[in-house]
Peer 1: 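Below is a structure I'd like to ask you about.
Computed from a predicted model, the values in this text were never measured in an experiment. This chain uses plain numbering: 1 for the first residue, then up along the sequence. All ligand and atom numbering here is 1-based and tracks the order in the structure.
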Amino acid sequence: MKKDKIVFDLIKDEEERQRLGIELIASENFVSDQVMKAMGSVLTNKYAEGYPGHRYYGGCQIVDQTEQIAIDRARTLYNAEYANVQPHSGAQANMAVLMACLKPGDTFMGLDLSHGGHLSHGSPVNSSGILYHPVAYSVEEETGMVNYDKMEAVALREKPKLIIAGASAYSRDWDYKRMRSIADKVDAILMADIAHPAGLIARGLLNDPIPYCHIVTTTTHKTLRGPRGGMILIGKDFENPWGLKTPKGEIKMMSQLIDSAVFPGTQGGPLEHVIAAKAVAFGEALTDEYMEYVLQVKKNASVMAKAFMDKGYKIISGGTDNHLMLIDLRTKFPDITGKQVENALVRADITLNKNMVPFDSRSPFTTSGIRVGTPAITTRGLKEDQMPIIVDLIDEVISDINNESVIESVRSRVNEMMAELPLNAW
Ligand code: DSN
């Protein structure tokens, strides 16, 4: 068959874009060659509905082993009794947990989307907000941090059946212990969505949700640096005390409820090529090199946040405990929107995303903020000394946002900085 030049030329262009640019999207990363190879392997040819040892198709004897390795490594990495590695994404993992734990119309509570929460934590345009009744806790306007006393007041008032800890744009650590005590007061299930900081948590650089949360969900492709996908973990499996049942009306262990909510509840055939790549990534995350990597991610983020603040930018919550920061542009540039900054920086080959800030006066399509993260540039091999240089480049563009010759000059310096670095230096 003739090679599909159109598509493969575009893939080459994308590779070039990734190589020449500074990637600051907090949820992106660059996988290793062996993760990439597993994803592009013959395992994509295989149907394997069901779980290892219990499939609806023949010929699963090899993928049973790769999936079991992924499960076992995930359990080791997070010290968890149970792992389901089949969710196609973090949103799918969350959808399955909500399906296992709630009935349509039930109330659950998550962080307000405009304060750093996630679409799948109750947005009205997501199944979580369409099928269930979401209520929100928020961050404080003065501190930019979650106020656990106020969270408790919302929980006591609204009596959610499930509470979600976690966010996609929150730079501070979570008090899972406190959240468990809030959940226990209203007899709610506590779920942590650690999609963003999963890699930092795996190696003990942030609080561990596993001892306190009934269920933990994550993606595998952000700080964890695996293939695009999701996963669900339980620290210690339990017979659920809430009388939750399978669609057939059986009361089961929590792990069994989740297994059936993933398949056949919300997904069909698992992506065994991606699951094998998850196994490889989890193996990498257990190494000393990965520990060095996550330490550097955190160091880079903290140095970058300081460099931004030194230039007069406001970082929500005044800093970062993890791999990202949320910048409120209004303090330094009240008339410039997140959208304008995102677009101008793309022309300078610096990629980040516009993001609402808490109590934003602008819409999600415009925003007053930007979100910046260090996982991807750290994989490229950048160290803390280079963070202030990147902040200078960003500031140069924002300070003269309509000046195309400034943007062009920044772009050539960005390309010079990145061109020789491999996509995955670690
Ligand atoms: N889209 C992801 C992020 O950028 O944080 C969350 O799903």
Side-chain angles (χ1 to χ4, degrees), residues 18 21-31 87-98 110-129 134 136 139 144 146 164-174 191-201 206 209 216-232 266-267 271 274 278 281 297 301 315-317 320-327 338-339 341-343 345-346 350-358 360 364-365 367 369-379:
Q18 292 185 12
I22 292 178
E23 182 53 73
L24 296 172
I25 293 179
S27 48
E28 293 191 9
N29 214 327
F30 300 101
V31 298
H88 302 331
S89 70
Q92 291 286 121
N94 291 346
M95 189 181 189
V97 171
L98 295 188
L111 177 62
D112 191 324
L113 178 62
S114 63
H115 288 202
H118 188 255
L119 278 171
S120 62
H121 299 179
S123 157
V125 293
N126 179 264
S127 63
S128 58
V139 302
V146 168
I164 302 178
S168 56
Y170 187 63
S171 63
R172 294 303 181 177
D173 204 353
W174 290 80
M191 179 194 119
D193 178 344
I194 61 166
H196 264 268
L200 277 58
I201 288 170
L206 290 169
V216 174
T217 63
T218 184
T219 57
T220 50
H221 51 275
K222 298 186 175 89
T223 47
L224 203 43
R225 211 168 57 177
R228 198 155 284 277
M231 170 162 73
I232 305 172
T266 51
Q267 292 190 171
L271 309 175
V274 177
K278 288 175 184 173
V297 166
I315 305 273
I316 299 293
S317 86
T320 179
D321 296 330
N322 56 30
H323 62 295
L324 65 80
M325 63 214 73
L326 188 56
I327 299 171
K339 185 179 178 180
V341 171
E342 180 188 293
N343 289 340
L345 288 174
V346 161
I350 298 173
T351 324
L352 47 68
N353 64 287
K354 61 180 175 290
N355 213 101
M356 284 188 87
V357 291
D360 207 325
F365 295 107
T367 83
I370 50 173
R371 188 185 64 166
V372 180
T374 55
I377 48 167
T378 307
T379 298

Peer 1: Is there a side-chain contact between L206 and D321 (heavy atoms, below 4.5 Å)?
Peer 2: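 Yes, close enough: below the 4.5 Å cut-off.
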
Peer 1: Nearest heavy-atom pair of N355 and N353: which atoms, and what distance?
Peer 2: OD1-ND2, 3.3 Å

Peer 1: Taking the side chain as every heavy atom from C-beta outward, state whether E28 and K222 have any atom pair closer than 4.5 Å.
Peer 2: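 The answer is no, as the side chains (C-beta and beyond) never meet within the 4.5 Å cut-off.
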
Peer 1: Taking side chain to side chain contact (heavy atoms under 4.5 Å, CB included) as the definition, give me every residue that meets it alongside H121, ordered by chain and number, with sequence neighbours left out.
Peer 2: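 By the side chain to side chain contact (heavy atoms under 4.5 Å, CB included) rule, H121 matches N94, H118, I164, D193.
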
Peer 1: Could you pull out every protein residue that has a heavy atom closer than 4.0 Å to ligand 1, ordered by chain and then number?
Peer 2: S27, H118, S168, H196, K222, R371

Peer 1: Run through L24, I25, I22 and flag the one making a side-chain contact (heavy atoms from CB on, under 4.5 Å) with T351.
Peer 2: I25

Peer 1: Answer yes or no: are there more than 12 heavy-atom neighbours, outside M95 itself, under 6.0 Å from its atom CE?
Peer 2: no

